[in-house]
Amino acid sequence: MVPVKKEDLRKLVTDTTVEIYEELTPQLVKLIQDTKKNTELTEGQKQDEISLHMMGYVKSCTNEIIIQVLSEILGLEDEDEE
């Protein structure tokens, strides 16, 4: 769907955002769980690691949202679909 109005673009971005965040959340949860179980880290180090995981998660989600929305608008296909 190529949006023709700002509201259409907003819906496309919102729908894609929800989809991407839901898709990548299990990976973040696993990273956080693994970090919490790591007995080699202090509590402070664990919190630092979790903060880094969160920043990486947001960055990954943001990048994927941009790629998905632009791909939809520009009609780009995945390499394996060609």
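Scanning for side-chain contact (heavy atoms from CB on, under 4.5 Å) contacts around Thr14 gives Arg10, with sequence neighbours left out.
One side chain, Glu64 or Gln68, offers a donor N or O that lies under 3.5 Å from an acceptor on the other.
Of the inter-residue distances, the one linking Ile65 atom CD1 with Thr17 atom OG1 reads 3.5 Å to the nearest 0.5 angstrom. With values rounded to the nearest 0.5 angstrom, Cys61 atom SG is found 7.5 Å from Ile20 atom CD1.
With a 4.5 Å cut-off on side-chain heavy atoms, Asp34 and Lys30 count as touching. For the pair Thr16/Glu72, no side-chain contact is recorded, criterion being any heavy-atom separation below 4.5 Å from C-beta on. Side chains of Leu76 and Leu70 form no contact here, defined as non-hydrogen atoms less than 4.5 Å apart.
Grouping the Ile, Leu, Val, Met, Phe, Trp and Tyr side chains by contacts below 4.5 angstrom, directly or via other members, places Leu28 with Val58.
Across all non-hydrogen atoms, the minimal contact from Asp8 to Pro3 is CB-CB, 3.6 Å. Contact between Lys36 and Lys46 at its shortest, heavy atoms only, is O-NZ, 3.0 Å. Between Glu40 and Gln45 the shortest heavy-atom distance is O-OE1, 4.1 Å. When every heavy atom of Ile73 is checked against every heavy atom of Val2, the shortest pair comes out as O-CG2, 3.5 Å.
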Exercise. Between Leu9 and Val69, is a side chain to side chain contact (heavy atoms under 4.5 Å, CB included) present by the stated rule, with each step listed?
Worked result: CA-CA 9 Å; Leu9 178 60; Val69 169; 4.2 Å; yes

For this session: Would you please test Ile32 and Glu49 for side chain to side chain contact (heavy atoms under 4.5 Å, CB included) and show each step?
Result: CA-CA 8 Å; Ile32 291 172; Glu49 285 291 314; over 6 Å; no

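Grouping Ile, Leu, Val, Met, Phe, Trp and Tyr residues whose side-chain heavy atoms lie under 4.5 Å apart, directly or via other members, places Met55 in a hydrophobic cluster with Leu52.
Residue pairs that meet the ring pair (Phe, Tyr, Trp, His ring centres under 6.0 Å) test with at least one member in residues 11-45, sequence neighbours left out, are Tyr21-Tyr57.
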